[in-house]
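Here is the structure we will look at.
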Amino acid sequence: MAEITPQDAVPLSESEIVAARRAKLKRFRDELGFEPYGQRVDGLLPLNEARTRFSEDAHLAFDAASKEAKISGGVPSDSRATIKVAGRIVQHRDMGKLVFLFLRDATGDLQVSISKSAVEASAWELAKAADYGDILVTEGPIGRTQKGEVCIWATSVSLGAKSLAAPPEKWHGLSDPELRYRKRYVDMYANPETAKVFAMRSRIVSRIRRFMDARGFLEVETPVLQPLAGGAAARPFTTHHNALGMPLFMRVAPELYLKRCMVGGLSKVYEINRNFRNEGIDRSHNPEFTAMEVYQAFGDYGTMMELTESLIHELAVSMVPERQAAGLPVEAEGPVLPWGDLAINYAKPFVRVTFEELFRRGVGVDMRDFAAVRAKAREHGLHHEAKLDDWLVVNALFEELAEALIDPARPTFVTDYPSAVSPLTRPSRSDPALCERWDIFIGGMEIGPAYTELNDPDVQLAKFTEQLKGADDEESTFRSLDEDFVEALRVGMPPAGGLGIGIDRLVMLMTGSTSIRDVILFPLLKSMGSSGAAAAEGPTA
RNA sequence: GAUUGCGUAGCUCAGUCGGUAGAGCAGCGGCCUUUUAAGCCGUAGGUCCUGGGUUCAAAUCCCAGCGCAAUCACCA
């Protein structure tokens with residue numbers, strides 16, 4: 001195997017900015033003796049925590065002692081805390097024999113002041129020549145400057161990593177949305193609010209887990225690679241297992257496996273799951289997205305409604321201090337979290353309205369009067385109406401006219417959907433035309449449905465079979481009957497409530513993000529140029 | 001998939017009626033021990049997204065393509 005030298009890795013041509021940075025890297029290593037890619041450092045403080053170590057008293061005492069020492073020629077006593085930090089340089093001001101720079105980490109920014117007289121010659125050269133984007137490690141007492149800026153007065157400086165890439169604009173950051181998504185690693189340090197959103201997302205997901213765990217649910221993991229893509233009527237991504245010679249699908253939902261868990265005796269389970277749907281991309285859809293599915297034995301859709309309302313309300317309450325800390329608008333009463341043009345009020349109880357009532361208000365006729373429904377459908381230009389089943393026409397009209405009546409500024413449960421459009425749901429005990437299902441809408445987005453689950457294997461099999469008949473040629477290539485699932489139901493699944501919540505959309509609402517790409521670290525974009533096209537061809541060997 | 005808009009230096013953006021390609025930041029060389037988007041002097045940096053077309057002349061007008069965004073469609 002040939003030795004790879006750093007020179008081999010250098011591109012043939014690069015911008016003068018990059019060339020200048022490479023020259024500095026060489027100089028730092030060869031002339032100044034710094035390892036440009038750093039080493040282990042213990043005892044580092046996050047920058048926001050470092051800032052809290054500042055003491056005005058210690059600063060003033062040191063200031064006074066310094067002046068005295070200047071006259072008497074002694075060494076001033078210093079009670080300031082000495083701390084060690086690391087961060088990326090986001091500002092660099094060279095004043096001659098004094099360098100001010102700002103370091104940034106995920107917790108915030110902190111100034112470092114480097115005086116030529118306070119550090120070794122090599123460290124001084126490093127401080128002078130350091131670039132925007134370099135990762136720096138520094139140690140020293142924390143004080144402030146004449147202008148009052150809290151800072152570390154460096155006594156040592158070293159490199160954590162030399163940055164060889166041309167940095168974004170230091171004031172505007174990275175604003176081109178395409179570049180922000182393609183180079184998220186730059187976006188995250190150049191635009192601090194980006195990193196804040198992802199830190200918030202992490203805490204939100206963590207709170208969801210604590211909420212579920214506190215209620216006695218077990219978190220489980222079920223297959224992403226499935227021989228049959230069941231649990232939702234969405235187009236799956238297809239793949240293949242070489243050793244088994246077996247076609248596989250990326251899951252569109254974990255539902256059928258979580259129900260198998262119920263059959264097995266895990267009576268309260270949840271999974272925070274990545275799903276994959278081979279469909280369009282827009283502000284609220286990414287091909288892979290995160291959901292949480294929940295199943296509770298001997299619960300029903302009412303159990304799931306209480307759980308969902310409590311969870312979302314609790315999350316919204318927890319966002320009040322989060323958003324205040326991040327400088328985002330918020331009202332504690334409710335609470336009210338602004339989102340886009342809306343001020344969404346998460347006060348309990350959430351709005352509840354039946355599908356039938358909303359249909360009557362939105363469409364103006366009784367949904368069971370199919371003649372009137374079809375007349376309305378023609379009136380509103382649903383031209384393929386004649387080909388559709390009665391209830392599908394009802395559903396289409398509902399989505400067209402009734403959903404718009406839902407107040408986007410209030411979380412709203414729409415309950416008791418027509419049974420005919422909900423194959424995995426148990427029909428209503430009081431009215432067989434309806435089923436025990438609700439959907440929750442917030443901000444005009446569907447956040448998730450919940451069902452009283454169907455656990456009668458014969459009814460389930462009949463519904464699956466009926467659904468398959470309705471599938472067109474394309475659908476039938478990936479839709480097939482999950483016989484093992486029906487077999488599991490024959491073993492006996494307890495009655496249960498089930499729930500699915502879109503975590504990305506919930507995080508959008510909680511963090512004030514109006515695009516799903518702003519809450520997914522690396523959203524899918526088309527690949528660029530020929531290398532991307534070649535990669536899409538797959539392995540050739 | 002459709003429509004509209006955008007694509008100019010590493011980044012953020014100007015570019016008038018079609019007539020030699022511009023600024024700020026970043027970079028490079030200087031000066032400066034208290035800056036807050038530091039400042040000052042000097043300097044370098046371009047496949048104007050790609051490919052065609054119209055024209056004496058195209059960043060600019062036209063066509064096609066690529067990428068991104070918004071809206072719509074699709075997504076129970």
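So that the names make sense, note that chain A is the first sequence line, chain B the second, and so on, each numbered from 1.
- For a distance-only test at 3.5 Å, the side chain of A:Thr145 qualifies as a donor-acceptor partner of the base of B:rU36.
- Ionic pairing of A:Glu193 and A:Lys196 is not present here: no N-O contact between side-chain nitrogen and carboxylate oxygen is shorter than 4.0 angstrom.
- Of all nucleotides present, none satisfies the Watson-Crick or G-U wobble test against B:rA59 with each distance under 3.5 Å.
- A cation-pi arrangement, defined by a distance under 6.0 Å to the six-membered ring centre and an angle within 45 degrees of its axis, is present between A:Arg437 and A:Tyr417.
- B:rG46 is unpaired under the criterion used here, namely a Watson-Crick or G-U wobble arrangement in which both key atom distances are under 3.5 Å.
- Within 4.0 Å of A:Phe100, counting heavy atoms only, lies at least one base atom of the nucleic acid.
- With B:rA26, B:rA38, B:rC75 as the candidates, the nucleotide lying closest to the side chain of A:Pro167 is B:rA26.
- At the heavy-atom level, A:Trp153 lies under 4.0 Å from base atoms of the strands shown.
- Surrounding NZ of A:Lys183 are at most 12 heavy atoms belonging to other residues, nucleotides or ligands under 6.0 Å away.
- Pairing for B:rU71 goes to B:rA2, judged as Watson-Crick or G-U wobble with the two contacts each under 3.5 Å.
- Backbone-only engagement by A:Tyr181 is indicated by non-hydrogen atom pairs under 4.0 Å involving sugar-phosphate atoms exclusively.
- For B:rA38, the OP1/OP2 oxygens have a side-chain nitrogen or oxygen of A:Gln91 closer than 4.0 Å.
- Between the OH atom of A:Tyr132 and the P atom of B:rG27 there is a distance of 10 Å, rounded to whole Å.
- Contacts of A:Arg144 with the nucleic acid, taken as non-hydrogen atoms under 4.0 Å apart, are absent.
- Across all strands, A:Arg93 comes closer than 4.0 Å to base atoms (heavy-atom distances).
- Residue-level contact check: A:Asp131 touches the backbone only, with heavy atoms under 4.0 Å from sugar-phosphate atoms and none from bases.
- Taking atom P on both nucleotides, B:rC62 is separated from B:rG19 by 15 Å, rounded to a whole Å.
- Distance check on atom P: B:rU71 versus B:rC28 gives 42 Å, rounded to whole Å.
- Nucleotide B:rA37 holds its C1' atom 12 Å from the CZ atom of A:Arg104, rounded to whole Å.
- Classification of A:Arg360 and A:Glu357 as a salt-bridged pair holds, one side-chain N sitting under 4.0 Å from a carboxylate O.
- A:His92 is not listed as a side-chain neighbour of A:Tyr132, based on a closest heavy-atom distance of 4.5 Å or more.
- Across the strands present, B:rA26 finds no partner; the criterion is a Watson-Crick or G-U wobble pair with both atom distances under 3.5 angstrom.
- Nucleic acid contact for A:Ser113: none, since no nucleic acid atom lies under 4.0 Å from a heavy atom of the residue.
- With a 6.0 Å radius and a threshold of 12 heavy atoms from other residues, nucleotides or ligands, A:Glu399 has its CD atom above the threshold.
- With C1' as the reference atom, B:rA57 and B:rC17 are 14 Å apart, rounded to whole Å.
- If you take CD1 of A:Ile516 and P of B:rA69, they are 13 Å apart, rounded to a whole angstrom.
- Using a 4.0 Å heavy-atom distance criterion, A:Leu179 is classed as a sugar-phosphate-only contact.
- Annotation: B:rG22 and B:rG45 have their P atoms spaced 13 Å apart (nearest Å).
- The gap from the P atom of B:rC74 to that of B:rC56 amounts to 50 Å, rounded to the nearest Å.
- With a cut-off of 3.5 Å on both Watson-Crick or G-U wobble distances, the partner of B:rC31 is given as B:rG39.
- The NE2 atom of A:His92 sits 15 Å away from the C1' atom of B:rC25 (whole-angstrom rounding).
- Remark: the separation of the P atoms in B:rC75 and B:rA58 is 48 Å, to the nearest Å.
- You'll find the ring centres of A:Phe355 and A:Trp438 outside the 6.0 Å limit.
- Here B:rG27 presents its P atom at 7 Å from CZ of A:Arg21, a figure rounded to the nearest Å.
- Within the nucleic acid shown, A:Asp176 comes within 4.0 Å of sugar-phosphate atoms alone, with no base atom in reach, counting heavy atoms only.
- OP1 and OP2 of B:rA69 both lie 4.0 Å or more from every side-chain N or O belonging to A:Arg283.
- Between the side chain of A:His172 and the base of B:rC11 there is no donor-acceptor pair of N/O atoms closer than 3.5 Å.
- A close approach under 4.0 Å does occur between a side-chain nitrogen or oxygen of A:Lys170 and OP1 or OP2 of B:rA26.
- Each of A:Asn191, A:Leu521, A:Val519 was scored for a side chain to side chain contact (heavy atoms under 4.5 Å, CB included) with A:Val197, with one residue passing: A:Val519.
- With a cut-off of 3.5 Å on both pairing distances, B:rU16 has no Watson-Crick or G-U wobble partner at all.
- As judged by a 4.0 angstrom heavy-atom cut-off over every strand, A:Glu169 is placed among the base-contacting residues.
- Here, B:rC11 and B:rG27 have their P atoms 15 Å apart, quoted to the whole Å.
- Of the side-chain N and O atoms in A:Arg517, one or more sit less than 4.0 angstrom from OP1 or OP2 of B:rA69.
- Contact check, A:Ser175 against B:rU12: a side-chain N or O comes under 4.0 Å of OP1 or OP2.
- No engagement by A:Lys183 is indicated, since no non-hydrogen atom pair under 4.0 Å with the nucleic acid exists.
- The listed nucleotides are B:rA44, B:rC68, B:rU33; the one nearest the side chain of A:Ser117 is B:rU33.
- Spacing between B:rA59 and B:rC49 at atom P, rounded to whole Å, works out to 10 Å.
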